[in-house]
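See below for the structure under consideration.
Read the numbers this way: they start at 1 and go in the same order the structure lists the ligands and their atoms. Note that the coordinates shown come from a computational prediction; the quantities given were computed from them, not determined experimentally. Position 1 is the first residue of the sequence, and the numbers go up from there.
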Amino acid sequence: MERAKHSKDVLRHVVSGFQVWGDFTDAVPYGSGHINDTYKVSVRLAGTPVHYLLQRINHEIFKQPDRVMENIVRVTEHLRGKLAAGGEAEASRKALTVIPARDGLPYVRDPAGNWWRLYLFIEGAQTYDVIETERQAYEAARAFARFQNQLADLPAPRLHETIPAFHNTLSRVKALEAAAAADVCGRKAGAAAELAFVEERREQCGRLLARNACGEIPERITHNDTKINNVMLDDAAGEGICVIDLDTVMPGLALYDFGDMVRSATASAQEDERDLSKVGSRINMFGALARGYLSEATFLLPAEVEELCFAGRLITLTIGIRFLTDFLAGDVYFKTHRPGQNLDRCRTQFQMVRSMESQAGAMEAIVREVG
Ligand code: ADP
Ligand code: GN1
Ligand code: MG
């Protein structure tokens, strides 16, 4: 999907629907997320510059945005309660703050049928698409583990499943096969090697699902999109201060969260790098992630710890499958900015899988040593 554009007037009007005081001055596209339309909004509050983060929720992907927001309000309020109980002085930088609309709802609808939400903009911190230092990997993993820890006692009811079967690799393989059979854009012939790559790894795809179904690996409340640019690292102290992008916080496996950190934080190049000789999984970053994650994820069972390395390969394969499916379907899900980008993304993911496969023994040894 191409990045949608909204005029300043539309954005100004949307912002006026939220409980924001002061004078709107600007709104500019922000970040490199693949799903929502994100804007950094500038306001002058009686002369003081203040920023907000405005997002149009992608309602083609999240079919019930009100349920997404219900989850997010519950989760952020729970986190805020924990931060307050711990005497945290900077709670509004350590959990997202949802700004209510003037009518009290956590979103604003526009005449075109869109759903918008507004957060406080977290200042003095950044996200990274490619991790630069082991310290960043360690801190990011610690922040995601802390997030899982803080949500372990979220009161009932169960969170809504905002995208059903999100990390179900078997369903993702079926969707790939359907897209290849339909071949609506005539792209299948150009992806023969990638389709064969998936076929060769087919029997691994149900492993965690089976261990979950027989009760060996439990369901927990997880983030489900622990891509490394979904955690903000403090500019001054370097700490992972705030986990963001909460659309998919729902019941899931902790292993998928760790796996997606491995996929995104150990990568040596951008997700859409075309020169595959630059793409690989950096084992030093894997070590930093394992140390950071296990320092806080004290709830993990031995059955989960023993699958940490495998989960990295599995999630990377799964997300490669999703990019390939979208390429075959005509680029209808992930935002693209050039032709062939989803196939390039699929290729980097599969290159990462190869790289992790070749380093599996060394990665297992790291987990044994840290765990
Ligand atoms: P998407 O679902 O499209 O990935 P995200 O929620 O991850 O959207 O937001 C996109 C980017 O915007 C993030 O990677 C981050 O850089 C930035 N961002 C998101 N929320 C905030 C916030 N509250 N404060 C500052 N930056 C933010
Ligand atoms: C999307 O929203 P973003 O860009 O953080 C996607 C993830 C993929 C990721 C791949 C809701 O994440 O599942 O792993 O792209 N989010 C959704 O980069 O599908
Ligand atoms: Mg994101």
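Ligand 1 has Leu120 within reach: a non-hydrogen atom of the residue lies less than 4.0 Å from it. Residue contacts with ligand 2 leave out Arg345, since none of its heavy atoms falls under 4.0 Å from the ligand. Ligand 1 is approached by Met232 to a heavy-atom distance shorter than 4.0 Å. Distances shorter than 4.0 angstrom occur between a heavy atom of Gln55 and an atom of ligand 1. Heavy-atom distances between Ile319 and ligand 2 reach below 4.0 Å in at least one pair.
A salt bridge is defined here as a Lys NZ or Arg NE, NH1 or NH2 lying under 4.0 Å from an Asp or Glu carboxylate O, and Glu77 with Arg80 fails to meet this definition. A salt bridge between Glu139 and Arg142 is present, with a side-chain N of the basic residue lying under 4.0 Å from a carboxylate O of the acidic one.
Contacts classified as side chain to side chain donor-acceptor pair (under 3.5 Å) and involving residues 293-304 (residues at least two apart or in different chains) are given here: Gln148-Tyr293, Arg220-Glu304.
In Asn230, the part holding a heavy atom less than 4.0 Å from any atom of ligand 2 is the side chain. The proximity of Leu53 to ligand 1, defined as any non-hydrogen pair under 4.0 Å, is limited to the side chain. Using a 4.0 Å cut-off between heavy atoms, Arg263 contacts ligand 2 through its side chain alone, with no backbone atom that close. Proximity of His34 to ligand 2, defined as any heavy-atom pair under 4.0 Å, is shared by backbone and side chain alike. With a 4.0 Å heavy-atom cut-off, ligand 2 is reached by no atom of Tyr256.
Counting atoms of ligand 1 from 1 in the listed order, those under 4.0 Å from a heavy atom of Asn230 are 7 (O). For ligand 1, the atoms sitting less than 4.0 Å from at least one non-hydrogen atom of Leu96 are 23 (N), numbered in the order shown with element in parentheses. Atom numbering of ligand 1 starts at 1 in the shown order; those under 4.0 Å from a heavy atom of Thr127 are 14 (O), 15 (C), 16 (O).
Considering only non-hydrogen protein atoms, atom 13 (O) of ligand 2 sits nearest to Arg322 NH1, 2.9 Å. The nearest heavy-atom contact from the protein to atom 1 (P) of ligand 1 is Asp245 OD2, 3.5 Å.
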Donor-acceptor pairs are to be reported for all side-chain atoms of residues 231-244 against protein atoms at under 3.5 Å, with residues two or more places apart or in another chain.
from: Asp234; atom 1: OD1; to: Arg93; atom 2: NH1; distance (Å): 3.1
from: Asp234; atom 1: OD1; to: Arg93; atom 2: NH2; distance (Å): 2.7
from: Asp234; atom 1: OD2; to: Ala236; atom 2: N; distance (Å): 3.1
from: Asp234; atom 1: OD2; to: Ala237; atom 2: N; distance (Å): 2.7
from: Asp235; atom 1: OD1; to: Gln126; atom 2: NE2; distance (Å): 3.2
from: Asp235; atom 1: OD2; to: Ala125; atom 2: N; distance (Å): 3.4

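Of all the listed residues (Thr248, Ile35, Asp245), Asp245 holds the heavy atom that lies closest to atom 5 (O) of ligand 2.
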Check the pair Tyr39, His6 against side chain to side chain donor-acceptor pair (under 3.5 Å), reporting the backbone distance first and the verdict last.
CA-CA 10 Å; Tyr39 298 91; His6 304 95; 2.7 Å; yes
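Counting only distance, with no hydrogens or angles, the side chain of Arg347 and the backbone of Arg274 share no donor-acceptor pair below 3.5 Å.
For the side chain to side chain contact (heavy atoms under 4.5 Å, CB included) with Arg263, the lone residue among Ile315, Thr318, Thr348, Thr226 that qualifies is Ile315.
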